[in-house]
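Step one of this worksheet: look at the structure below.
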Amino acid sequence: MNTRDTLYVKDGNLMIGSFKATELAAKFGTPLYVMDAQYIAEVCDAFVAAVNKCGSGAVAFANKAFATVATAKLAAAHGLWFDVVSGGELYLVAQAGADMKKVLFHGNNKTPREIDEGLAHGIGFFVVDSLNELELLDEKAGRRGVKQDVLVRVNPGVSAHTYEAVMTAAPFSKFGFDVHGDALDVIKDIASRKNLNFRGLHVHIGSQIYDHSSYDAAIDITTDFVKKLADEGIVTDILDMGGGYGIYYTDEDPKFTPRRYAYTVESIARLVAEKSAEKGLKQPFLIVEPGRSIVGEAGITLYTVGAIKDFPGVRKYVAVDGGMFDNPRYALYESRYSAVIANKADKPADEIVTIAGKCCESGDLIGKDMPLQHAETGDILAVFSTGAYNYSMASNYNLNAVPPVVLVDGDKADYIVKPQTYGDLLRNNTVPEWLNG
Ligand code: LLP
């Protein structure tokens, strides 16, 4: 557990803000996603300060990590821009009242409809990722009579030290144009188009990365490429270095504070400034796009312990009322988490258990072989660092409802996503007339 002012143990109880986790579970039910507003605000402020340390820049929140209107409003209030990756995310930030000029539209295969929607909203930047997109965007921008600002996603060919599913800049990735291959010609093409305005480059090397050397290598290669563009007379105003900063999940990971996370941003800003100066380049406006590091540790999922099955000497299962429908990350990546029994948080975690979900498949686990206090049916289990890529990847598998989300802000707590009803689950079901007999 990575404790902080808003996440701590008092009199044996896990506290989130001013609330006992068990109180939140009793009031809002379980399974329940809890998000800590103060933590999110603190990370946002630290990142914004860091990105402006060595020049000017912006922090764009990667909505894919956690997409709700309330948290988008919170992020915007702390000066964040937005990275959106679908028409849905675009709609969300518009609903949150974001300044659309501070929105970057990502995606390796934006649909024609999404391109239209981005243009209709007058977003700041499309991050062009394919030749198909380039053609479509040029044509559609032309039809609207606008000259659209674009960044180009480039692949520096760096293999970040993380799990394969979230590496994005290794050679032959589905993302971006190769800086050692087609990127130069693509950018020359964009620079010659009437309806597109080349503003800069985007690089995202992957996610859950602790090792700075991957960023250092990406910055070196990318600024070399900026120089190559400059030699062709093409100016790169903006450098967007993506996100990907690794967070605390278990005691094997570093226990960072917001300040320490921001240090990663600061060192990226410093290196971009240094490398640009070294290569005789104008200092670019730097964008970073963190998702997980802003919301990951802000999130705690609360469950009620149900069935317990012990296979002595083999495994003890503690089953909860959630599972892969609220957190598919073990099933997808064998991700690891830490947890406590919220009402016994000061007791020793002297059992090793496997936390099982309630879905009909054996791989539906929250985590395997996790240290935990002695669990009894009815206890409240709190799983930490679930704020990123849990709610945003949740599903209605087995027709389980996606849990609601409650935002805690000190001594205030309220829904930011309401509970789904059975009716919600069937909302879009229809029965063709011929089946109605
Ligand atoms: N920018 C781009 C273009 C991205 O593709 C991503 C994440 C980010 C920023 C934010 O990265 P972050 O700071 O959150 O690491 N579902 C996976 C993670 C997929 C990440 C996808 N892209 C997981 O649960 O680990």
Side-chain angles (χ1 to χ4, degrees), residues 40 43-44 47 50-51 58-67 71 75 80-86 89 103-110 125-130 151-156 158 160-170 173-177 200-211 214-215 218 222 239-249 253 256 258 261-262 264-265 268 286-299 301 324 326-337 366-367 383 385-395:
I40 295 173
V43 183
C44 289
F47 280 4
V51 81
V59 180
F61 174 57
N63 264 281
K64 57 188 79 81
F66 184 80
T71 45
L80 267 61
W81 293 27
F82 293 100
D83 144 4
V84 302
V85 78
S86 67
E89 288 187 2
V103 173
L104 302 127
F105 202 156
H106 285 279
N108 66 305
N109 187 26
K110 300 175 191 74
F125 305 91
F126 277 83
V127 184
V128 172
D129 195 317
S130 72
L151 304 185
V152 173
R153 180 160 186 167
V154 291
N155 178 358
V158 173
H161 300 281
T162 184
Y163 39 106
E164 200 178 344
V166 296
M167 268 187 207
T168 48
S173 162
K174 75 168 181 172
F175 297 105
F177 298 99
L201 303 175
H202 165 75
V203 176
H204 174 74
I205 57 174
S207 201
Q208 188 55 11
I209 299 166
Y210 296 117
D211 180 9
S214 313
Y215 289 107
T222 309
L239 199 54
D240 176 345
M241 289 306 302
Y245 321 135
I247 66 163
Y248 168 90
Y249 282 105
D253 304 327
F256 287 167
Y261 281 128
T264 304
V265 175
I268 288 173
L286 175 66
I287 300 177
V288 290
E289 289 173 347
R292 191 191 309 266
S293 47
I294 293 180
V295 287
E297 289 196 58
T301 308
M324 63 194 292
D326 65 77
N327 183 357
R329 297 189 69 256
Y330 180 83
L332 282 171
Y333 320 117
E334 294 188 5
S335 300
R336 306 197 48 225
Y337 285 93
I366 298 297
V383 180
S385 302
T386 56
Y389 305 108
N390 279 220
Y391 173 68
S392 65
M393 296 204 298
S395 75

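As the structure lists them, so they are numbered: ligands from 1, and atoms in each ligand from 1.
Which parts of ligand 1 touch Gly244 is read off a 4.0 Å heavy-atom cut-off, strictly below it: atoms 11 (O), 12 (P), 13 (O), 15 (O). Shown in contact with Gly243 at under 4.0 Å from a heavy atom are these atoms of ligand 1, numbered in order with element: 9 (C), 13 (O). Distances below 4.0 Å separate heavy atoms of Pro290 from the following atoms of ligand 1: 13 (O). Atoms of ligand 1 found under 4.0 Å from any heavy atom of Ala62 (numbered from 1 in listed order, with element): 8 (C), 9 (C), 10 (C). Listed by atom number, the atoms of ligand 1 under 4.0 Å from Gly291 heavy atoms are 12 (P), 13 (O), 14 (O). Ligand 1 places these atoms under 4.0 Å from at least one heavy atom of His202: 3 (C). Within ligand 1, the atoms closer than 4.0 Å to a non-hydrogen atom of Arg153 are 3 (C), numbered from 1 in the order shown. Close contacts between ligand 1 and Met393 involve ligand atoms 16 (N), 24 (O) [criterion: under 4.0 Å to a heavy atom].
On a distance-only criterion, Gly242 and ligand 1 share no N/O pair closer than 3.5 Å. For ligand 1, the polar-atom distance check finds an N/O of Arg292 within less than 3.5 Å of one of the ligand's N/O atoms. Residue-to-ligand polar distances place Asp83 within reach of ligand 1: an N/O pair is separated by less than 3.5 Å. Ligand 1 has an N or O atom lying under 3.5 Å from an N or O atom of Arg329, backbone or side chain.
For His202 and His106, the ring centers sit closer than 6.0 Å to each other.
Applying the side-chain hydrogen bond (donor to acceptor under 3.5 Å, both in side chains) rule to Thr301 yields the partners Thr386; only residues at least two apart in sequence or on another chain are considered.
Residue-level proximity to ligand 1 for His204 is carried by the side chain, the only part with a heavy atom below 4.0 angstrom.
Taking the centre and axis of the six-membered ring of Phe175, the NZ or CZ atom of Arg153 falls inside the cone set by 45° and 6.0 Å.
Nearest to atom 14 (O) of ligand 1 by heavy atom, out of Tyr389, Phe66, Phe175, is Tyr389.
Between the side chain of Asp129 and the main chain of Gly176, a donor-acceptor pair closer than 3.5 Å is present. Under the 3.5 Å distance criterion, the side-chain polar atoms of Tyr210 are matched with a main-chain donor or acceptor of Ile247. Side-chain N or O atoms of Ser207 include none that pairs as donor or acceptor with a backbone N or O of Gly244 at under 3.5 Å. Distance alone, capped at 3.5 Å, is enough to place a donor-acceptor pair between the Ser335 side chain and the Arg329 backbone. When atom types are taken as modelled, the side chain of Glu89 and the backbone of Val85 share a donor-acceptor pair closer than 3.5 angstrom.
Using cut-offs of 30° and 60° for the angle between ring planes, the Phe105 and Phe126 rings count as parallel.
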